[in-house]
Amino acid sequence: MKFIVQRVSSAACRVDDEVTGSIQKGFMVLIGISDSDTKEIADKMIKKLIGLRIFEDSEGKTNLSLKDVNGSLLLISQFTLYADCRKGNRPSFTDAGKPDMAKELYHYIIESCKNQIAVVEQGVFGADMKISLVNDGPFTIILDSDELIR
């Protein structure tokens with residue numbers, strides 16, 4: 001499982017010119033799921049995500065978490081995080097999770113986050129989404145379960 005976490009001052013997702021999710025201060029998270037991912041892995045990734053202390057405190061140090069700043073989440077499914085570009089110029093996506101399993105796990109992540117964070121918005125799984133954001137910093141963190149958990 002891969003999370004690309006961007007600290008944002010605002011972010012939004014649109015599908016067919018309709019806003020499906022919009023936040024102010026918080027994290028916009030691109031979520032990639034592989035076939036080997038499980039709910040247990042998702043739980044560990046969520047714990048790490050919500051615990052990330054990348055917001056500035058009163059002294060300008062990154063000491064505050066999402067909860068500390070009453071931040072929001074915008075969660076976007078992104079199977080292309082599992083692109084394999086080793087051969088040729090056309091990426092292969094065979095390492096990405098099968099759609100049914102990945103969709104179920106994506107929705108599990110959303111619901112788990114809603115149990116911990118007041119505002120959790122989302123994209124539409126499998127849709128052609130248009131994401132806009134103002135990256136605050138810029139500050140971008142890559143969380144990869146292969147490096148963090150396994």
Side-chain angles (χ1 to χ4, degrees), residues 1-15 19-85 91 93-127 129-150:
M1 187 171 296
K2 297 180 184 185
F3 288 2
I4 306 299
V5 182
Q6 294 188 319
R7 186 180 74 184
V8 300
S9 55
S10 64
C13 175
R14 287 180 175 75
V15 175
V19 174
T20 66
S22 178
I23 64 167
Q24 293 303 308
K25 185 176 191 171
F27 297 155
M28 193 285 299
V29 185
L30 302 175
I31 300 171
I33 297 170
S34 74
D35 279 330
S36 62
D37 288 323
T38 63
K39 289 180 179 178
E40 291 76 22
I41 291 171
D43 289 340
K44 291 175 183 177
M45 293 288 285
I46 292 164
K47 181 177 180 182
K48 180 64 80 171
L49 170 71
I50 291 174
L52 281 177
R53 297 185 316 158
I54 62 173
F55 290 97
E56 293 179 357
D57 62 17
S58 60
E59 297 177 12
K61 299 196 185 287
T62 52
N63 276 328
L64 302 177
S65 71
L66 196 61
K67 287 182 180 180
D68 294 331
V69 299
N70 199 28
S72 303
L73 286 170
L74 176 59
L75 305 176
I76 306 295
S77 63
Q78 180 89 32
F79 79 95
T80 61
L81 293 179
Y82 277 95
D84 182 348
C85 299
F93 298 104
T94 58
D95 291 340
K98 303 288 182 292
D100 288 345
M101 182 279 293
K103 183 176 183 178
E104 180 181 326
L105 203 46
Y106 170 62
H107 286 288
Y108 174 82
I109 292 166
I110 292 166
E111 293 308 312
S112 294
C113 287
K114 285 181 177 180
N115 290 332
Q116 302 177 61
I117 301 297
V119 176
V120 178
E121 299 284 321
Q122 67 192 66
V124 177
F125 186 92
M129 296 175 275
K130 307 300 180 203
I131 309 300
S132 59
L133 62 106
V134 177
N135 190 317
D136 181 19
F139 211 121
T140 302
I141 302 285
I142 300 171
L143 298 178
D144 186 331
S145 62
D146 286 340
E147 297 172 5
L148 295 173
I149 299 167
R150 296 181 187 164

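Remember, it's a predicted structure, so these values are computed and weren't measured experimentally.
- In this structure, Phe3 has no ring pair (Phe, Tyr, Trp, His ring centres under 6.0 Å) partners at least two apart in sequence or on a different chain.
- Across all non-hydrogen atoms, the minimal contact from Ile4 to Ile142 is CD1-CG1, 3.6 Å.
- Rounded to the nearest 0.5 angstrom, Leu105 CG and Lys39 NZ are separated by 8.0 Å.
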Return all side-chain donor-acceptor pairs below 3.5 angstrom for residues 73-85, not counting sequence neighbours, or 'none' if the list is empty.
{"residue": "Gln78", "atom": "NE2", "partner": "Thr80", "partner atom": "OG1", "Å": "2.6"}
{"residue": "Tyr82", "atom": "OH", "partner": "Met1", "partner atom": "N", "Å": "2.8"}
{"residue": "Asp84", "atom": "OD1", "partner": "Arg86", "partner atom": "N", "Å": "3.0"}
{"residue": "Asp84", "atom": "OD1", "partner": "Arg86", "partner atom": "NE", "Å": "2.9"}
{"residue": "Asp84", "atom": "OD2", "partner": "Arg86", "partner atom": "NE", "Å": "3.3"}
{"residue": "Asp84", "atom": "OD2", "partner": "Arg86", "partner atom": "NH2", "Å": "2.6"}

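- For residues 59-71, the pairs satisfying side chain to side chain donor-acceptor pair (under 3.5 Å) are Asp57-Asn63, Ser65-Asp68, with sequence neighbours left out.
- Residue pairs satisfying the salt bridge (charged side-chain N to carboxylate O under 4.0 Å, His left out) criterion with at least one member in residues 97-107, sequence neighbours excluded, are listed as follows: Asp35-Lys98.
- One finds the CZ atom of Phe27 at 8.5 Å from the CZ atom of Arg7 (value rounded to the nearest 0.5 Å).
- For residues 105-120, the set of pairs meeting the salt bridge (charged side-chain N to carboxylate O under 4.0 Å, His left out) definition, not counting sequence neighbours, comprises Glu111-Lys114.
- When every heavy atom of Ser145 is checked against every heavy atom of Ile41, the shortest pair comes out as CB-CG2, 3.7 Å.
- With rounding to the nearest 0.5 Å, the separation of CG in Leu30 from NZ in Lys2 is 12.0 Å.
- Nearest heavy-atom pair, Gly71 versus Ile117, reported as atom, atom and distance to 0.1 Å: O-CG2, 3.5 Å.
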side-chain contact (heavy atoms from CB on, under 4.5 Å) evaluation trace for Leu66 with Gln116: CA-CA 10 Å; Leu66 196 61; Gln116 302 177 61; over 6 Å; no
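- Residue Glu121 holds its CD atom at 10.0 Å from SG of Cys13, rounded to the nearest 0.5 Å.
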Pair Lys25-Ser9, side-chain contact (heavy atoms from CB on, under 4.5 Å): steps then yes or no: CA-CA 4 Å; Lys25 185 176 191 171; Ser9 55; 5.9 Å; no
Considering only distance and modelled atom types, tabulate donor-acceptor pairs under 3.5 Å from the side chains of residues 43-55, sequence neighbours left out.
{"residue": "Asp43", "atom": "OD1", "partner": "Tyr108", "partner atom": "OH", "Å": "2.6"}
{"residue": "Asp43", "atom": "OD2", "partner": "Tyr108", "partner atom": "OH", "Å": "3.2"}

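- Looking at heavy atoms from C-beta onward, Val119 lies out of side-chain contact with Gln24 at the 4.5 angstrom threshold.
- Looking only at distances, a side-chain donor or acceptor of Thr20 sits under 3.5 Å from a matching main-chain atom of Gln122.
- When side chains are defined from C-beta on, Val134 counts as touching Ser10, because their heavy atoms get closer than 4.5 Å.
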Stepwise side-chain contact (heavy atoms from CB on, under 4.5 Å) check, Ser132 with Arg14: CA-CA 8 Å; Ser132 59; Arg14 287 180 175 75; 3.7 Å; yes
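- Rounding to the nearest 0.5 Å places CG of Asp95 at 14.0 Å from CD1 of Ile33.
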CA sep, side-chain torsions, deciding dist, call: Asp37, Ser34, side-chain contact (heavy atoms from CB on, under 4.5 Å): CA-CA 6 Å; Asp37 288 323; Ser34 74; 3.2 Å; yes
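- Residue Leu143 holds its CG atom at 5.5 Å from CG of Leu148, rounded to the nearest 0.5 Å.
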